[in-house]
Amino acid sequence: GAGAGVGAGAGVGAGAGAGAGAGVGAGAGAGASVGAGAGAGAGVGAGVGAGAPTQAEANRVLALCQRDWNRDFQEAAGSTGDAGETDAAQRLQRVRRMHRVASEFETCCRALAPLIVAAHESPSPSHSASPFAPKSGIGGIAGGAKHAVGNVFVKFASTTTASTVFASDHLAMAASSCELRGVQAYRRCSDGALHVPLIVLVDCQGFRLVCTAVLPISTAAGDGPQS
């Protein structure tokens with residue numbers, strides 16, 4: 001396992017957290033353990049070991065993924081973030097709410113990762129119908145296989161034959177760390193007024209997975225990406 005760094009500029013004790021914008025930890029990073037203190041930003045790195053998941057575990061994880069993680073996190077963050085917040089006690093309560101949701105999202109992603117890797121490593125006909133199997137037509141061209149399980153979007157930080165964005169898996173993994181740090185920077189420079197998604201990096205059985213809470217945007221609605 002590994003630790004996590006998440007931020008909203010206010011410290012909430014020690015321990016692991018996750019996500020985009022919650023405020024705990026002594027920093028943030030991909031796969032880095034952190035202690036107590038104040039952080040600023042978002043995200044977490046987590047490690048997961050090997051092990052064959054059972055059907056009961058798969059059903060439990062599926063249920064976890066159905067939660068509207070983005071809604072819960074944005075409600076915990078509030079509409080204005082740090083801007084104009086002068087009451088230290090209220091700010092601490094808000095940061096604790098954000099940290100709780102972020103930590104629960106990290107737990108969900110850590111449990112989801114082995115199931116995603118199992119579907120990735122065993123592309124049999126039975127796995128193609130699995131809810132953990134990769135999906136086509138989602139995500140961009142960068143990175144590896146893309147998966148959508150409930151309200152959690154997962155992509156492999158790897159190269160593919162169809163994309164020349166990254167020259168190696170190592171560079172793709174490094175880029176995912178930059179993606180996490182970028183989310184942290186956006187939140188930090190906006191004093192929390194700019195809403196960012198929950199994001200967790202999970203290293204599992206030699207793979208790095210980028211897990212993000214699904215956002216309520218789509219091309220069909222006119223508010224999604226055009227390419």
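Side chains of Arg181 and Cys178 form a contact here, defined as non-hydrogen atoms less than 4.5 Å apart. Taking the side chain as every heavy atom from C-beta outward, Val202 and Cys211 approach each other to under 4.5 Å. The shortest distance between side-chain heavy atoms of Lys135 and Lys146 does not fall below 4.5 Å. Using a 4.5 Å cut-off on side-chain heavy atoms (C-beta onward), Thr212 and Val152 make no contact. Inter-residue side-chain proximity for Gln205 and Pro114 is flagged as met; some heavy-atom pair is nearer than 4.5 Å. At least one side-chain heavy atom of Leu62 sits less than 4.5 Å from a side-chain heavy atom of Val149. Looking only at side-chain heavy atoms (C-beta outward), Ile199 and Glu179 come within less than 4.5 Å of each other.
Ring orientation note: the planes of Phe207 and His120 are nearly perpendicular, at an angle over 60° on the 30°/60° scale.
One distance of note links CZ of Phe132 with CG of Leu115; it measures 4.5 Å at 0.5 Å rounding. For the atom pair Leu198 CG and Glu104 CD, the distance stands at 10.5 Å (nearest 0.5 Å). From Met98, atom CE reaches atom CD of Gln93 across 13.5 Å, with rounding to the nearest 0.5 Å.
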Practice prompt. Could you check Asp203 against Leu209 for side chain to side chain contact (heavy atoms under 4.5 Å, CB included), going step by step and ending with a plain yes or no?
Written response: CA-CA 6 Å; Asp203 290 335; Leu209 280 62; over 6 Å; no

Next item on the list: Might you work through the side chain to side chain contact (heavy atoms under 4.5 Å, CB included) test for Val214 and Trp69, ending with a clear yes or no?
Entry: CA-CA 8 Å; Val214 171; Trp69 292 103; over 6 Å; no

Exercise for review: Just do the salt bridge (charged side-chain N to carboxylate O under 4.0 Å, His left out) check on Glu75 and Arg94 with the steps written out, would you?
Suggested key: CA-CA 10 Å; Glu75 287 180 353; Arg94 178 175 61 81; over 6 Å; no

Check step by step if side chain to side chain contact (heavy atoms under 4.5 Å, CB included) holds for Thr107 and Arg110. CA-CA 5 Å; Thr107 299; Arg110 288 168 65 96; 5.7 Å; no

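Under the 3.5 Å distance criterion, the side-chain polar atoms of Ser176 are matched with a main-chain donor or acceptor of Met173.
Of the candidates Arg67, Arg60, Gln66, Leu64 forms a side chain to side chain contact (heavy atoms under 4.5 Å, CB included) with just one, namely Arg60.
Phe156 has its ring centre less than 6.0 Å from the ring centre of His147.
In the model, Ser177 has a side-chain atom that pairs as donor or acceptor with a side-chain atom of Arg208 under 3.5 Å.
Nearest heavy atom pair, residue His195 against residue Gly78, reads CE1-O, 2.9 Å.
Evaluation of the salt bridge (charged side-chain N to carboxylate O under 4.0 Å, His left out) rule for Arg97 yields no partner, not counting sequence neighbours.
Hydrophobic cluster membership is shared by Val200 and Val117, with clusters built from Ile, Leu, Val, Met, Phe, Trp and Tyr side chains linked at under 4.5 angstrom.
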